[in-house]
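Some notes on the structure that comes next.
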Amino acid sequence: MAIQEIFVPDIGSFKDVEITEVLVKVGDTIALEDALITVESDKASMEIPSSVSGVVKELKVKVGERISAGSLMLVVDVVENTPPPPAPSPSRGEGEKDAVTSSVQFPSPPEGEGLGVRGKRSPTAAVQADLKDVDFSKAYATPSVRKFARELGADLNKVAGSGRKGRITQEDVKAFIKDVMSFGGMPSAAASGNTLGVAPMPDIDFSQWGDIETQPLSRINKLTGEFLHRNWVHIPHVTQFDQADITDLEAFRKQLNEENAKSGMKITPLVFIMKAVVAGLKAYPRFNSSLDAKGENLILKNYFHIGVAVDTPDGLVVPVIRDVDKKSIMQLSEELKEISAKARDKKLKPADMQGGCLSISSLGGIGGTKFTPIVNAPEVAILGISKADMQPIWNGKEFTPRLMLPLSLSYDHRVIDGADGARFTTYLAKMLGDIRRLLV
Ligand code: CAO
């Protein structure tokens, strides 16, 4: 073992970028190419891998600090016979372009993305003798895996990753090659990431029918699109509809808003819904779980963090409000205001959007009667809220006007049975119908 300082390698166009996650701590044993930190520029985020194996002795970076190539990251007690780390090189020639990108380009998919669906890629020949003109820069893999893939002639763009956050491992490349070989040189549906085995979408020239303009999708649109598509394809969804009588809740909420008018604090129905969801998660713990990567175990959580979908000009983001069980209605209102402002000002960090137990998508301020939200994996359920409206409800003797809140609960049917889906929304309706029950 020998003590060695580890510096940020050449990270191409990433200069003076913010550290959003430190993935190791003092005492951790790290292997060559384990991810050490995540950095984010205004365009993308990436993980910086370790150039050595050993034990972390000192951390020289913190979340929120800014770094560039050559910054000191950590001190490691290095295992002998680890190859020496590459010195950070300030510039490289044009001919070395791929070496630069392959050493640093790890576009980080959204949290939890681990299944590596690449459904948009067309199933052309996947194993080629000469891949020198093929761009691997968007593939999520370490330099040694890129090299390995090039040596074997495997097109990394078509390999689905099984590693952390969907990173492509050497085993994935081997499995891909094996799969392609047994399918006569063409990737099978699984190898191409096209797990449905359906034909790719046609490329259509719409200008043949009239005037058009092309607008590029925002980065958030693209990431959300891939994430939603993956979840839609992999998760067998069922949506349970229900409604809650919030007439009394609404009267109480209005009273609170009047009492707090001077402070400027505004309480919306959403914070009560968050509290009712936590009560539901406690009563039905399976809703507060995630399937492990192999789909063989359920991981049950004893914390209560709720994701809230926020509509921003750049697209949908889902920040997470932590420990909802421990916070008051006023605290939650304040936090909801802060986090939605942060989302709309593009100030959310990846960590702000991680660790949720169940997400709520509220369209109640906009309209609609019901919808089918897509589960925000690795969570197993998402609650959609539509606009409450006054309805004539039969009380056994007569129709009375009651304010009814539509609930649309989508869940992962691998984890949750239909009966539990209905029990959960019935429970939510009971809690929201009489919020005194939230105290019991
Ligand atoms: N029924 C009737 N009125 C409702 C309501 C409901 N279910 N929910 C909110 N309202 C009212 C609020 O009380 C508020 O009224 P006042 O201005 O008269 O007080 C008004 O609608 C606007 O509320 P809001 O939307 O600003 O606040 P919120 O706390 O309900 O929601 C937030 C905050 C961030 C979730 C919301 O602004 C947002 O971005 N929603 C969109 C989420 C989205 O796009 N989801 C789709 C994702 S696809 O699954």
- Donor-acceptor pair, Lys275 side chain versus Val324 backbone, under 3.5 Å? yes
- Taking all heavy atoms of Val63 and all of Glu21, pick out the closest pair and write down the distance. CG2-CA, 4.0 Å
- Message: I'd like to know if Lys337 pairs up with Glu335 as an ion pair, taking the criterion as any Lys NZ or Arg NE/NH1/NH2 lying under 4.0 Å from an Asp or Glu carboxylate oxygen.
- Response: no
- Task: Step by step, work out the side-chain contact (heavy atoms from CB on, under 4.5 Å) result for Ser289 and Val415.
- Result: CA-CA 9 Å; Ser289 74; Val415 179; 3.8 Å; yes
- Item | Derivation of the side-chain contact (heavy atoms from CB on, under 4.5 Å) call for Ser333 and Met265 | CA-CA 8 Å; Ser333 300; Met265 170 61 70; 3.6 Å; yes
- Message: For Asp16, is there any backbone N or O sitting under 3.5 Å from a side-chain donor or acceptor partner on Ser68?
- Response: yes
- Message: In the structure I gave you, are the side-chain heavy atoms of Ile48 and Ile67 within less than 4.5 Å of one another anywhere?
- Response: yes
- Message: Measuring only between side-chain heavy atoms, which start at C-beta, is Ile321 closer than 4.5 Å to His305?
- Response: no
- Query: Is any side-chain heavy atom of His229 closer than 4.5 Å to a side-chain heavy atom of Glu226?
  - Reply: no
- Query: Hey, is NZ on Lys282 packed in by over 12 heavy atoms from elsewhere, all under 6.0 Å?
  - Reply: yes
- Message: Would you say that Glu5 contacts Phe7 through its side chain, given a criterion of any heavy-atom pair below 4.5 Å between the two side chains?
- Response: yes
- Which atoms form the tightest heavy-atom contact between Lys347 and Asp352, and what is the distance? O-OD2, 4.3 Å
- Checking Asp172 side chain against Thr169 main chain: does a donor-acceptor pair fall under 3.5 Å? yes
- Query: Would a distance-only check, ignoring hydrogens and angles, find a side-chain to backbone donor-acceptor pair under 3.5 Å from Arg344 to Asp311?
  - Reply: yes
- Note on the structure: In terms of heavy-atom contacts, Ala2 and Asp77 come closest through N-OD1, 3.3 Å
- Using a strict 4.0 Å threshold on nitrogen-to-oxygen distance, state whether Asp412 and Arg414 make a salt bridge. yes
- Polar side chain donor-acceptor pair, Asp314 to Thr312, under 3.5 angstrom: no
- Query: Are Thr38 and Ile19 side-chain neighbours, meaning at least one heavy-atom pair lies under 4.5 Å?
  - Reply: no
- Item | Shortest non-hydrogen separation from Ala35 to Leu23 and the atoms involved | CB-CD1, 3.6 Å
- Task: Identify the two heavy atoms, one from Cys357 and one from Glu379, that lie closest to each other, and give their separation to 0.1 Å.
- Result: O-CG, 3.4 Å
- Message: Whether the Lys301 and Ser290 side chains hold a donor-acceptor pair (N or O, under 3.5 Å, no angle test) is what I'd like checked.
- Response: yes
- Message: Please check this pair: side chain of Asp292 against backbone of Gly295, looking for a donor-acceptor N/O pair closer than 3.5 Å.
- Response: yes
- Query: Between atom CG of Leu409 and atom OG1 of Thr425, what is the distance when rounded to the nearest 0.5 Å?
  - Reply: 6.5 Å
- Message: Checking side-chain polar atoms at under 3.5 Å, does Ser359 have a donor or acceptor matched by the opposite partner on Asn376?
- Response: yes
- Using modelled atom types only, decide if a donor and an acceptor are shared between the side chain of Asp205 and the backbone of Ser207 within a distance under 3.5 Å. yes
- Message: Within this structure, what is the CD1-OG distance for the pair Ile37 and Ser71, rounded to the nearest 0.5 Å?
- Response: 8.5 Å
- Message: For the CG atom of Leu270 and the OG atom of Ser362, what is their distance to the nearest 0.5 Å?
- Response: 5.0 Å
- Task: Answer yes or no: is there a side-chain heavy-atom contact under 4.5 Å between Thr20 and Val39?
- Result: no
- Message: How long is the straight-line distance from CG of Leu428 back to CD1 of Ile273, given to the nearest 0.5 Å?
- Response: 9.0 Å
- Query: Testing Val26, Leu59, Val52 for side-chain contact (heavy atoms from CB on, under 4.5 Å) with Leu74, which one passes?
  - Reply: Leu59
- Query: Is the count of non-hydrogen atoms from other residues, nucleotides or ligands lying under 6.0 Å from Asp345 atom CG greater than 12?
  - Reply: yes
- What's the shortest heavy-atom distance between Val320 and Met353, and which atoms? CG2-C, 3.8 Å
- Evaluate the criterion side-chain contact (heavy atoms from CB on, under 4.5 Å) for residue pair Leu358 and Asn288; output intermediate values, then yes/no. CA-CA 7 Å; Leu358 185 148; Asn288 195 6; over 6 Å; no
- Does any N or O in the side chain of Arg253 come within less than 3.5 Å of the main-chain N or O of Ile267, such that one atom is a donor and the other an acceptor? yes
- Would you check, one step at a time, whether the test side-chain contact (heavy atoms from CB on, under 4.5 Å) holds for Ile385 with Leu363? CA-CA 6 Å; Ile385 301 292; Leu363 297 175; over 6 Å; no
- Message: Using a 3.5 Å distance criterion without hydrogens, assess whether the side chain of Asp28 forms a donor-acceptor pair with backbone atoms of Lys25.
- Response: yes
- Query: Is the side chain of Asp420 donor-acceptor paired with the backbone N or O of Asp417 at a distance under 3.5 Å, no angle test?
  - Reply: no
- Rounded to the nearest 0.5 Å, how far does CG of Leu407 lie from CD of Gln240? 9.5 Å
- Output yes when Glu18 and Lys349 qualify as a salt bridge under the 4.0 Å nitrogen-oxygen rule, no when they do not. yes
- Query: Do Ser410 and Thr239 meet the criterion of a side-chain donor-acceptor pair at a distance under 3.5 Å?
  - Reply: yes
- Query: Just wondering, do Phe371 and Ser361 contact through their side chains at under 4.5 Å, heavy atoms?
  - Reply: yes
- Do Lys326 and Phe304 come within less than 4.5 Å of each other through their side chains, counting heavy atoms only? no
- Query: Should the pair Phe424 and Phe287 be assigned to parallel (<30°), tilted (30 to 60°) or perpendicular (>60°) ring geometry?
  - Reply: parallel
- Verify, without hydrogens or angle tests, whether Lys387 (side chain) and Pro406 (backbone) share a donor-acceptor contact under 3.5 angstrom. no
- Task: Mind checking the CD-CG spacing from Glu213 to Asp211? Nearest 0.5 Å is all I need.
- Result: 8.0 Å
